[in-house]
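Quick note on labels: first sequence line is chain A, next is B, and so on, each numbered from 1. We use all heavy atoms of the structure for the numbers below, so side chains are in, but hydrogens, waters and symmetry mates are not.
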Amino acid sequence: MARVIRQVDVVLQNHTSELLTMESALNIQGEWLPTGTPRIGAIIPKQGAAKWTSVSMVDGVSAQAFIRLGSTKGYIDIRWNLPRSADQFEREVIAPEGLHPAIVLSGPNLDFRVMLVTLTAPALEANARALHRA
Amino acid sequence: MAEIYRSVRLVVLNAAACTFTLAGAEVLSGEWAPENKLGLPTGGIAPQSAVTVTNRSTTLHYGAEGFLRLDSVRGLVHLHWRLPWVGRFSIEHEADPRHLRVGFDVLESEPAEIAVLTTISAVSEGA
């Protein structure tokens, strides 16, 4: 039975009013877990969440992938690479103007990372605060 | 069931004293929602009444765009809206400003699911 050597769980929290759509995704190295495979055309509704899992089952091969999500404000790109040298984990999230991504890393150990990406809309939050003060 | 990626819900309120009839309606991108079979104002929009039409996209990378053309004894009103895949919603109108006034109230709290109240009123003779 194949053994998971590297694993990255990516959890996205959509804390905005945007409807996010899965536009593109690819495992550059490694593979997706069946329970965590992105589906093109899937949606993440406002205030919703989703999770994807990329793994490597071959020694020396990274768990490396990207996801591209669409919104009315533009595209959100999430990339990660968990190589053999697990302490050299790389990740990047690029979001369009008006959407702010925050990344929190956790996970049981260096070769099993959990990447929590929280997407917020600062302008909306500012409006909500202004209304609260009024 | 198909995902609804973009939708525009257009409520047309006839605040004038004349009836508006449907002269033309078409989608340029997306489709009419199924409930429009009842909502499209084929029988006209009576004075002080409203109808709702919904234009939506269930295809990835396609927005929602369409137009309504309404006719009355005070002239035509042409409404054209556009919600692109990426970008902000826009709506414009054409009407004879000597006879008709068109106002929009756009609810954009959900950028992919827009609701618009369009109020058509008559310009009084003395104005």
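When heavy atoms are compared at a cutoff of 4.5 Å, Ser71(A) approaches chain B solely by way of its backbone atoms N, CA, C and O. Proximity to chain B is limited to the side chain of Lys46(A), based on heavy atoms less than 4.5 angstrom apart. Only the side chain of Glu3(B) comes within contact range of chain A, with at least one heavy atom under 4.5 Å from a heavy atom of that chain. When heavy atoms are compared at a cutoff of 4.5 Å, Ile114(B) does not approach chain A at all.
Both Tyr75(A) and Leu12(A) sit in one connected hydrophobic cluster of ILVMFWY residues. Membership requires side-chain heavy atoms under 4.5 Å apart, directly or through other members. Tracing side-chain contacts under 4.5 Å through hydrophobic residues (I, L, V, M, F, W, Y), one reaches Leu22(B) starting from Leu79(B); they form part of the same cluster. One hydrophobic cluster, built from ILVMFWY side chains closer than 4.5 Å, holds both Val8(B) and Phe104(B).
When every heavy atom of Leu19(A) is checked against every heavy atom of Ala112(B), the shortest pair comes out as CB-CB, 3.7 Å. Pro111(B) and Ser17(A) make their closest contact through CD-O, 3.3 Å (heavy atoms, listed as atom of the first residue, atom of the second, distance).
Counting heavy-atom pairs closer than 4.5 Å to chain B, the top-ranked of the candidates Glu23(A), Glu18(A), Met22(A) is Glu23(A).
Taking a 6.0 Å sphere around CZ of Arg82(B), one finds it holds 12 or fewer heavy atoms contributed by other residues, nucleotides or ligands. Within a 6.0 Å radius of CD in Glu97(A), no more than 12 heavy atoms belonging to other residues, nucleotides or ligands are found. Atom OH of Tyr62(B) has 12 or fewer heavy atoms from other residues, nucleotides or ligands within 6.0 Å.
With Tyr5(B) contributing its side chain and Gly41(A) its backbone, the two residues share a donor-acceptor pair below 3.5 Å.
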